Amino acid sequence: MRPLPRRFYDRDTRTVAQELLGMHLVHVVRGVARIGRIVETEAYLGPHDLAAHSARGRTARTAVMFGPPGHAYVYLIYGRYHCFNVVTEAEGHASAVLVRALEPVQHLAGRCSGPGLLCEALALDRRHSGHDLLSAELYITRPAARREFAIVRRPRIGVDYAGAWARRLLRFYIKGNAQVSRP
DNA sequence: TGCACGATGAAC
DNA sequence: TTCATCGTGCAC
């Protein structure tokens with residue numbers, strides 16, 4: 001398996017969010033590769049995007065978002081679940097793509113529809129924040145057998161506080177896919 | 001009476 | 001975000 005190259009992530013965040021659909025997210029845990037097909041994503045467009053963590057400035061937690069592309073940004077939400085994001089665009093842009101749902105491909109125990117459940121199934125937590133996605137343990141790759149699909153665009157989930165930003169169509173999912181968290 | 005569905009609160 | 005619980009409305 002070959003990880004997607006750094007330049008894949010170093011592009012417009014909306015483009016990356018859509019092109020991540022259909023890709024395989026891989027986490028190798030104790031020698032076992034847990035693999036899921038990405039079916040739902042959300043784009044977070046940097047410090048001006050009031051729904052993005054980077055909008056409230058650079059902190060110890062969000063520093064990863066301000067760093068170079070192709071790294072994992074994982075944060076704890078509601079004290080209980082984790083959310084897995086990939087950092088996009090050039091260093092300093094502070095943009096990222098949240099992965100919201102996977103279709104099980106290999107060695108995934110439990111559900112992976114929804115950002116919290118997905119992290120549970122892949123055994124991802126804060127310790128992975130900042131991890132390079134061009135690594136052997138945690139990466140995203142293009143599957144050999146690709147399927148055709150249509151992309152649906154919707155407002156993002158759970159960002160009602162973000163004013164006009166909440167209404168923008170920055171959530172993307174594979175049309176008709178059963179694993180999408182909120183069709 | 002019981003099911004399906006939405007609203008609500010809790011986990012921190 | 002996710003889960004459990006509780007209420008409403010509807011059907012039987």
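Remember, it's a predicted structure, so these values are computed and weren't measured experimentally. By convention in this document, chain letters (A, B, ...) are assigned in the order of the sequence lines, proteins followed by strands, and residues within each chain are numbered from 1.
One atom, CD1 of A/Ile77, and another, P of C/dC3, lie 14 Å apart when rounded to the nearest Å. Rounding to whole angstrom units, OH of residue A/Tyr78 and P of B/dG9 are separated by 15 Å. In this structure, CG of A/Asp125 is placed 18 Å from P of C/dT1, rounded to the nearest angstrom. Taking atom CG of A/Asn85 as the reference point, atom P of C/dT1 lies 11 Å away to the nearest angstrom. Note: CZ (A/Arg80) to P (C/dT1) measures 15 Å, nearest angstrom. Following rounding to the nearest Å, A/His82 (NE2) and B/dA11 (P) show an atom-to-atom distance of 19 Å. If you take NE2 of A/His53 and P of C/dT1, they are 10 Å apart, rounded to a whole angstrom. In this structure, A/Arg171 atom CZ and C/dT1 atom P are separated by 10 Å, rounded to whole Å.
As judged by a 4.0 angstrom heavy-atom cut-off over every strand, A/Ile157 is placed among residues touching the sugar-phosphate backbone only.
Taking the six-membered ring for Trp, A/His53 and A/Tyr75 have ring centres closer than 6.0 Å.
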Run the salt bridge (charged side-chain N to carboxylate O under 4.0 Å, His left out) check on A/Arg6 and A/Asp132 step by step: do they pass? CA-CA 10 Å; A/Arg6 186 87 53 206; A/Asp132 192 351; 2.9 Å; yes
Just do the side chain to side chain donor-acceptor pair (under 3.5 Å) check on A/Glu40 and A/Ser181 with the steps written out, would you? CA-CA 8 Å; A/Glu40 179 181 353; A/Ser181 65; 3.0 Å; yes
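The CG atom of A/Leu25 sits 6.5 Å away from atom CG of A/Leu124, with the distance rounded to the nearest 0.5 Å.
By the criterion of a centre-to-centre distance under 5.5 Å and near-parallel planes under 30°, the ring of A/Tyr81 forms no stack with the base of C/dT1.
Between A/Arg100 and C/dT1 there is a side-chain N or O to OP1 or OP2 distance below 4.0 Å. A close approach under 4.0 Å does occur between a side-chain nitrogen or oxygen of A/Arg111 and OP1 or OP2 of C/dC3.
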